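What you are looking at is a predicted structure, and each value in this text was computed from that prediction instead of being measured. Protein chains get the first letters and strands the later ones, always in sequence-line order, with residue 1 at the start of each.
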Amino acid sequence: MSKNLTSRAEDYSKWYNELVVKADLAENSAVRGCMVIKPYGYAIWEKMQAELDRMFKETGHQNAYFPLFVPKSLFEAEEKNAEGFAKECAVVTHYRLQNDPDNEGKLRVDPEAKLEEELVVRPTSEAIIWNTYKGWIQSYRDLPILINQWANVVRWEMRTRLFLRTAEFLWQEGHTAHATKGEAIQEAELMNNVYAEFAENFMGIPVIKGVKTESERFAGAVETYCIEALMQDGKALQAGTSHFLGQNFAKAFDVKFTNNEGKQDLVWATSWGVSTRLMGALIMTHSDDKGLVLPPNLAPSQVVIVPIYKNDKQFDAISEKAESIIKELKELGISCKFDKRTTHRPGAKFAQHELQGVPLRIAIGPKDLENKTVELARRDTLTKSIVEISSVSSNIKDLLTQIQDELFTKALNYRDTHITKVENFEEFKTVLETKTGFISAHWDGTAETEQKIKELTKATIRCIPMDNKLEDGKCVYSGQDSSQRVLFAKAY
RNA sequence: CGGGGUGUAGCGUAGCCCGGUUAUCGCGCCACGUUUGGGACGUGGAGGCCGCAGGUUCGAAUCCUGCCACCCCGACCA
């Protein structure tokens, strides 16, 4: 194993894969396309979960849990949804194994144990949930239902990449039921806003809120809202989606309610989700050639203390200082780890904590003991300073806030300088190949043009921004009239 | 699912074309000692059904056949 990561300039996707493995976030498993999320990576995911969960509850949602398996007949009920996911479903057909008579010591599927009806391993849970909601909803008094579930889902992807696209992934999926169309749309927009706020304020990832075009829309949705982020290599990443499902699932599962005028009506629905893919977004937004860079909000340890000593006496004196710093930080709500491993030398520890993105590092050695100082190093800027030990905790508190802000600002600057307006298709192709990033261009609104552009350039319409201002123009490809610009990019 | 490639120790590899003692090297691992302000050094040590199953041969990591797995490029996708 080489000591250094492949640089981003050399090979961005190699850099990404190495970083995930070397920073101990995740690794490939014995199961094709499925990853093992390791403790350090999972700790970051837990930070995301905790904050999202808090935000969901603050907006009135409750958690529940629905089955992993969906009977095929339920799965196929909403046709568009079923058709959209059919190609990537894992299906359970049998329920028992037996000893293989032709192959000693091996097992085989018991041909007698075939299921009456196949079970689809959920690629998403609308079907099983709406089948359940049918029993819960009779009157407008039963609405709204505002439920989220934390779960795993399976989508049998042809090609997978750690966190960005795995056959099984962790996510949350909200599924809400409403009495009116307006209320459901409001919910879908609200949750997209929650995602945007989470991405920007908590993860430090600037996002563009928008709606998807018809061809990019979630299978079964009437409208798909999304947040789109831009990665360091100029490719876009869909970081979250929120769908207004209209009455499609109510129709498919016959979910009706009596409104306050005594009339039967179909229920309006939304669903919304973010996944462990956010880990990929996190990595590709902030990290550098030395490894992961974590915004303080997401760091399992926000600060690490590395002791430097020549003998036990020095170590004891340093430990005393370290423990008192940790106590002060704890009172300020800051997490700090004292890396007192005797099995690694300071240089190795520095390198490891940089690789793992710990926002701040304190080093305490004999010189510091003498001068009543510590060395404080920032992961994001890789700068070091000598700080009086008496003021170190207040210093750190301010610095963490500053780092969180600066990471966002830096990413925002990059993003904003990588949205390019183009007026013709030549320019479109040139910008896409050389500058990369988002391209803001007029589009005639047809799926044909969208498809053609995708074939020619691999760029897709990432979204039609929410606050888009109307502007007369000509479609960048067809030359037809257009009333607004949309954002194109190559995407993950 | 189409095209290409690769399987040798925990990881990365040499050897394979042209069969022949004990399968190469680096990292990592273990023990002891010296070290500790940016990935330490020395000495010693452990670790291999050479992807699996057949075949050819006196002899196979090496040649042949079949199978399996994985990777890359396309198509598909959060």
Side-chain angles (χ1 to χ4, degrees), chain A residues 1-6 11 13-14 17-18 21-22 27-33 84-89 103 106 123-124 152-161 163-173 195 212 215-219 221 224 226-229 235-243 271-281 290-291 306-312 314-315 318 339-356 361-371 373-377 382 384 386 454-455 458 460 462 491-492:
Chain A
M1 181 142 65
S2 67
K3 275 183 180 169
N4 294 314
L5 285 173
T6 298
D11 186 338
S13 69
K14 198 172 173 194
N17 285 327
E18 282 183 12
V21 173
K22 290 187 179 176
E27 64 187 31
N28 280 309
S29 72
V31 189
R32 193 207 73 99
F85 285 102
K87 296 185 299 294
E88 51 194 47
C89 285
N103 210 340
K106 305 282 185 188
T124 180
N152 58 340
V153 287
V154 169
R155 295 182 189 175
W156 214 259
E157 301 288 353
M158 301 305 274
R159 292 181 64 189
T160 58
R161 287 191 71 194
F163 289 119
L164 292 173
R165 177 167 295 106
T166 46
E168 179 193 14
F169 57 94
L170 305 184
W171 76 345
Q172 57 69 219
E173 46 181 330
Y195 288 154
K212 289 290 184 188
S215 48
E216 294 279 331
R217 202 175 281 158
F218 177 75
T224 288
C226 63
I227 53 171
E228 290 285 328
K235 286 170 81 175
L237 183 100
Q238 179 176 302
T241 49
S242 178
H243 316 290
S271 68
W272 28 274
V274 295
S275 72
T276 36
R277 188 178 224 208
L278 285 175
M279 292 288 291
K290 285 194 180 295
V306 177
I308 297 157
Y309 55 95
K310 292 200 188 342
N311 54 53
D312 286 355
Q314 278 180 0
F315 177 74
I318 291 165
D339 187 354
K340 56 186 170 190
R341 288 175 298 172
T342 55
T343 49
H344 297 258
R345 297 165 88 252
K349 292 180 184 179
F350 291 173
Q352 187 196 335
H353 295 128
E354 271 164 12
L355 185 58
Q356 298 198 297
R361 182 188 69 228
I362 295 173
I364 311 177
K367 278 186 253 167
D368 298 300
L369 288 176
E370 216 172 284
N371 304 330
T373 56
V374 300
E375 182 193 80
L376 190 56
L382 295 168
K384 295 181 206 174
I386 303 296
K454 184 179 175 181
E455 279 167 24
K458 290 183 182 166
T460 49
R462 301 319 304 156
Y492 274 99

Quick check: do [X] and [Y] have side-chain heavy atoms less than 4.5 Å from each other?
{"X": "A:Lys367", "Y": "A:Thr373", "value": "no"}
{"X": "A:Ile308", "Y": "A:Asp368", "value": "no"}
{"X": "A:Val274", "Y": "A:Gln172", "value": "yes"}

Between [N] and [M], how far apart are the two [atom1] atoms, rounded to whole Å?
{"N": "B:G26", "M": "B:A14", "atom1": "P", "answer": "15 Å"}
{"N": "B:G3", "M": "B:G39", "atom1": "C1'", "answer": "42 Å"}
{"N": "B:G45", "M": "B:C63", "atom1": "C1'", "answer": "37 Å"}
{"N": "B:U8", "M": "B:U62", "atom1": "C1'", "answer": "12 Å"}
{"N": "B:U6", "M": "B:C29", "atom1": "C1'", "answer": "27 Å"}
{"N": "B:C18", "M": "B:G42", "atom1": "C1'", "answer": "42 Å"}
{"N": "B:C25", "M": "B:C50", "atom1": "C1'", "answer": "16 Å"}
{"N": "B:G5", "M": "B:G51", "atom1": "C1'", "answer": "15 Å"}

Using Watson-Crick or G-U wobble geometry with both distances under 3.5 Å, which nucleotide pairs with [N]?
{"N": "B:C18", "value": "none"}
{"N": "B:U62", "value": "none"}
{"N": "B:C32", "value": "B:G42"}
{"N": "B:U57", "value": "none"}
{"N": "B:A23", "value": "none"}
{"N": "B:G51", "value": "B:C67"}
{"N": "B:C1", "value": "B:G74"}

Task: Smallest separation among heavy atoms of A:Glu228 and A:Lys212, with atom names - done: OE2-NZ, 2.7 Å
TODO: Check each of A:Gln352, A:Arg361, A:His353 against A:Asp339 using the side chain to side chain donor-acceptor pair (under 3.5 Å) test, and report the only one that passes.
DONE: A:His353
In whole Å, what is the span from the [atom1] atom of [X] to the [atom2] atom of [N]?
{"X": "A:Leu5", "N": "B:G39", "atom1": "CG", "atom2": "P", "result": "17 Å"}
{"X": "A:Glu88", "N": "B:A75", "atom1": "CD", "atom2": "P", "result": "16 Å"}
{"X": "A:Lys14", "N": "B:C72", "atom1": "NZ", "atom2": "C1'", "result": "13 Å"}
{"X": "A:Lys458", "N": "B:C76", "atom1": "NZ", "atom2": "P", "result": "11 Å"}
{"X": "A:Glu18", "N": "B:C11", "atom1": "CD", "atom2": "C1'", "result": "12 Å"}
{"X": "A:Trp156", "N": "B:C1", "atom1": "CH2", "atom2": "P", "result": "13 Å"}
{"X": "A:Gln356", "N": "B:G39", "atom1": "CD", "atom2": "P", "result": "18 Å"}
{"X": "A:Glu157", "N": "B:G74", "atom1": "CD", "atom2": "C1'", "result": "16 Å"}

Open item on the list: Nearest heavy atom decides the nucleotide; on that basis, is A:Asn17 or A:Ser275 closer to the 5' end of RNA chain B?
Closed with: A:Asn17
- [ ] Could you say whether A:Thr160 or A:Glu168 is positioned toward the 5' end of RNA chain B, judged by the nucleotide with the nearest heavy atom to each?
- [x] A:Thr160
Mind checking if [X] touches a base, just sugar-phosphate, or nothing, with heavy atoms under 4.0 Å?
{"X": "A:Thr166", "value": "base"}
{"X": "A:Leu237", "value": "nothing"}
{"X": "A:Phe218", "value": "nothing"}

Open item on the list: B:A75, OP1 or OP2 - any side-chain N/O from A:Lys87 closer than 4.0 Å?
Closed with: no
Task: Ring geometry between A:Trp272 and A:Tyr195 (parallel below 30°, tilted from 30 to 60°, perpendicular above 60°) - done: perpendicular
- [ ] Verify, without hydrogens or angle tests, whether A:Lys340 (side chain) and A:Phe315 (backbone) share a donor-acceptor contact under 3.5 angstrom.
- [x] no
- [ ] Ignoring hydrogens and angles, tell me if any N or O in the side chain of A:Thr224 forms a donor-acceptor pair with the backbone of A:Phe218 under 3.5 Å.
- [x] yes
Task: Where protein sits on nucleotides 31-38 of chain B, one letter per nucleotide: B base, S sugar-phosphate only, - none, heavy atoms under 4.0 Å - done: ----BBBB
Open item on the list: Please identify which of these residues, A:Glu18, A:Arg161, A:Lys235, meets the side chain to side chain contact (heavy atoms under 4.5 Å, CB included) condition with A:Ser13.
Closed with: A:Arg161
